[in-house]
Amino acid sequence: MPSATSKQSTLPASWLLSPRKEQRTCPSPGRQQTSLKSTAALSTVSPPSAVKSVRKGPKKDAKAPTPHKKHTPLIPIDPSKKNYNKRITDVLSELSKTEKNIGNQWKAQAYSKAILSISAYPKPLVSGKEAQDLPGVGGSIAKLVQEIIETGTSERVQNEAKDERLQTISMLMRVSGIGPSAAAKFYDELGVRSISDLLHRPLTRHQKIGMKYFNEFEKRIPRAEMDRWQAIIKDVLEDIDDRFVVTIAGSYRRGQDTCGDIDVLLTHPEFTTSSSSDETPNSNHSVLLQLVISRLHEKGYLTDDISLGDVKYMGVCKLPDVPNTEAHIHRRIDIRLSPIDMYWPAVFHSTGSDQFNRWIRSLAAEQGYTLSEYSLRTKDKKSGAVGTPLRISSEEDIFRLLGVEWRAPEQRDW
DNA sequence: CGGACATCGCATCCAG
DNA sequence: CTGGATGCGG
DNA sequence: GTCCG
C-alpha cells in the first residue's frame, strides 16, 4: 500500500544497459522535436556549481540574428544594497507571514512584493505617501507605512502577536506536510494546541515524516555536505547507466554557503517527450526513476519516502554515520526526472532564484515568448497562441534566444 | 469592477 | 472501484 | 493587497 516504498529491485529496463538499443522512431507530429543530437551537449554536463567564477565584465558575444526589437537592459541589482527601511519591512514581513498562515497566498505575495521594492529604496522613507510611488505599494500598505513611521509598529501586528490561534497555527505549519488548511483544522476541530498534541492525531504519511524530523528539517545544509551529496548521487547514477545527466540545482548551484534541501534534476538520453498523443507506451521512463530510488535505498542513503511517481520523488536522506562522530542530520531531498528535451529549461527554472525567474519571464513575455519550467515558446501577444517549443540544448540557448547576456548561476542569486 | 497573481506531480479525500 | 477535487510543496 | 483591462 505504501506505494512510496522501494519495491521491486528487479526492474527490467533492459535498454538501460544497452546504449544502442533502439532509435526512437517518433513521427513527431504536433509536439516537440526530440533530436537526440543534443546528446553532444551532454558531455559538457558538469554544472559550474562549485566553480567560483567571478566573471563580471560583459562577455564578447556575437549577437545572433535575433528578431527582437529592443534590448531590455539588465536591471542593476547591487549586492551591497543597504535597507534603509528595515523597521518597515520587518513589520510588513509579519503581515505577509500571517496572511500566508491564514491561506491568503495572494495577499502574502503582495506584501512580499512591496517589501522587495521598499528594501531597494535608497533612503529612509518619511511618509506613507512617499512609499506609495513604489511598485507594489498601494493605498493600504502606504497607510501601514505611515503608521510604522509614526509609531514604530502596527497595531494590527501587535494584536496578531497576541492571537493564540494564529500563533499556534503558525507553529503547526512548520511541520512539513501541514499547510494552512490542515493547521486550521487541527486547531479548530481537533483541539491541537501544540506540536506534541499532533502525535495523537491522524496524520498523513508526509506529516508523520515531518514530525519525525521536525528539528532536523529546519537546519541548513552546509555546502561541504552538499558537495558530498553531489558526488554520491553522480556515483550511484553512473553505476546504473553512465548516460545519466545530473544537476544539483537550487541555491547550491547558485553558490550559496548553505541550502535548505537537496534538489536533484535528472535526465537520460533515452527519455524523450512522448512525441504524440497516441500513447506510445514506451514505458522506458516509467521504471527509470523507481530504479534510481531503489538503488539509493540499497546503498542506504534514503531513510524515508514522502512521495514517488514516474517523474518526481520527494524523500529524506542521510549520509552514512561514521563511528565515534556526531550522527549526520536527515535532509529533505527531491529528485525529478525530465525528458531530455525539457531538461535545460528545468535546470534553468530550478536554479532560480525566484526573483530572477520572475524577471526573466517578464522579459521573455515582452519579446513575444513564454518561458516555463518545460520550454521556451513563442507566444502571440494578441491571440495568446503559443508556438512549438524552441530547441534548447543548454542554458546558454535560453539566454541567447532572449537576447540576454549570459549569467552564471552565481549571478542569479538575487 | 473583477480577474490575475505559474503551474503541476503526487497523496489523499470525496462523490458517485 | 474510479474519476475528480483539494492540499501541499517547490 | 496591488495591478490592470
Side-chain angles (χ1 to χ4, degrees), chain A residues 1-5 92 95-118 128 131-145 156 172-186 202-210 217 249-252 259-265 285-286 289-290 293 304-316 332-339 342 345-347 349-355 357-362 364-365 370-375 377 379 381-382 384 386:
Chain A
M1 122 275 330
S3 61
T5 312
L92 294 181
L95 292 167
S96 177
K97 185 182 169 190
T98 299
E99 295 297 351
K100 182 187 176 186
N101 293 341
I102 298 176
N104 295 332
Q105 58 164 315
W106 303 127
K107 287 193 181 186
Q109 182 178 298
Y111 279 116
S112 295
K113 184 181 178 184
I115 290 169
L116 280 178
S117 51
I118 292 178
Q132 196 162 354
D133 291 334
L134 276 49
V137 179
S140 183
I141 292 180
K143 199 170 176 181
L144 279 164
V145 170
R156 215 184 106 201
L172 298 180
M173 283 179 62
R174 288 166 58 191
V175 177
S176 183
I178 295 182
S181 179
K185 186 171 184 176
F186 278 128
L203 301 175
T204 65
R205 153 189 285 269
H206 186 169
Q207 290 162 346
K208 286 175 191 166
I209 293 172
F217 284 173
S251 53
Y252 171 68
C259 304
D261 60 12
I262 304 164
D263 188 8
V264 184
L265 289 179
H285 72 284
S286 68
L289 182 58
Q290 318 226 344
I293 298 308
D304 303 81
D305 303 315
I306 292 173
S307 68
L308 172 59
D310 288 346
V311 298
K312 190 178 80 172
Y313 169 80
M314 296 175 73
V316 185
R332 277 280 295 103
I333 182 170
D334 291 344
I335 302 178
R336 277 169 293 161
L337 176 63
S338 297
M342 295 191 207
V347 168
H349 172 84
S350 296
T351 297
S353 65
D354 288 342
Q355 204 181 330
N357 284 347
R358 276 194 286 276
W359 173 72
I360 201 93
R361 268 190 243 125
S362 67
T370 175
L371 175 64
S372 74
E373 163 178 16
Y374 305 107
S375 63
R377 294 172 293 173
K379 178 176 184 176
K381 290 180 181 177
K382 297 173 183 175
V386 297

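Just so we're on the same page: letters track the sequence lines, and every chain starts at 1.
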Compare the minimum distances between each of [options] and the side chain of [X], then state the nucleotide with the smallest one.
X: Arg332(A); options: dG9(B), dC5(B), dG10(C); value: dG10(C)
X: His349(A); options: dA6(B), dG9(B), dC3(D); value: dA6(B)
X: Trp106(A); options: dA11(B), dG9(C), dA6(B); value: dA6(B)
X: Lys107(A); options: dG1(D), dG9(B), dT12(B); value: dG1(D)
X: Arg205(A); options: dC8(C), dT12(B), dG9(C); value: dT12(B)
X: Lys113(A); options: dC3(D), dA6(B), dG10(C); value: dC3(D)
X: Ile141(A); options: dT2(D), dG9(B), dA6(B); value: dT2(D)
X: Lys312(A); options: dG10(C), dC8(C), dC10(B); value: dC10(B)

Could you check whether [X] gets within reach of a base, just the sugar-phosphate, or nothing at all, counting any heavy atom under 4.0 Å?
X: Ala182(A); result: sugar-phosphate
X: Asn357(A); result: nothing
X: Gly139(A); result: sugar-phosphate
X: Asp334(A); result: sugar-phosphate

Between [atom2] on [N] and [atom1] on [X], what's the gap in Å once rounded to a whole number?
X: Ile115(A); N: dG1(D); atom1: CD1; atom2: C1'; value: 12 Å
X: Arg361(A); N: dC5(B); atom1: CZ; atom2: P; value: 11 Å
X: Tyr111(A); N: dC5(B); atom1: OH; atom2: C1'; value: 16 Å
X: Arg358(A); N: dG10(C); atom1: CZ; atom2: C1'; value: 13 Å
X: Leu371(A); N: dA6(B); atom1: CG; atom2: P; value: 13 Å
X: His206(A); N: dG9(B); atom1: NE2; atom2: C1'; value: 13 Å
X: Gln207(A); N: dA11(B); atom1: CD; atom2: P; value: 14 Å
X: Met314(A); N: dC8(C); atom1: CE; atom2: C1'; value: 8 Å

Sidechain-backbone polar pair: [X] side chain, [Y] backbone, donor-acceptor under 3.5 Å:
X: Glu99(A); Y: Asn104(A); answer: no
X: Asn357(A); Y: His349(A); answer: yes
X: Ser362(A); Y: Trp359(A); answer: yes
X: Arg205(A); Y: Ser307(A); answer: no
X: Ser96(A); Y: Tyr111(A); answer: no

Please measure how far the [atom1] atom in [N] lies from the corresponding atom in [M], and state the result in whole Å.
N: dC5(B); M: dC8(C); atom1: P; value: 22 Å
N: dA6(B); M: dC4(D); atom1: P; value: 15 Å
N: dT6(C); M: dT7(B); atom1: C1'; value: 15 Å

**Given DNA chain B, 5'-ward residue of the pair Gln105(A) and Asp310(A), judged by closest heavy atom** = Gln105(A)
**Asked** Between Thr204(A) and Gln109(A), who's closer to the 5' end of DNA chain B by nearest nucleotide?
**Response** Gln109(A)
**Prompt:** Is the distance from OP1 or OP2 of dG1(D) to the nearest side-chain N or O of Ser140(A) less than 4.0 Å?
**Reply:** yes
**Item:** Nearest heavy atoms of Ala114(A) and Val137(A), plus distance in Å
**Value:** CB-CG2, 4.0 Å
**Stem segments of DNA chain B by first residue number [Watson-Crick or G-U, under 3.5 Å, at least 3]** = B:1-5 with D:1-5, B:8-16 with C:1-9
**Asked** Do we see a donor-acceptor contact under 3.5 Å between the side chains of Thr98(A) and Arg156(A)?
**Response** no
**Asked** Who are the side-chain hydrogen bond (donor to acceptor under 3.5 Å, both in side chains) partners of Asp334(A), not counting sequence neighbours?
**Response** Arg332(A)
**Pair Asp263(A) + Arg336(A), salt bridge at N-O below 4.0 Å** = yes
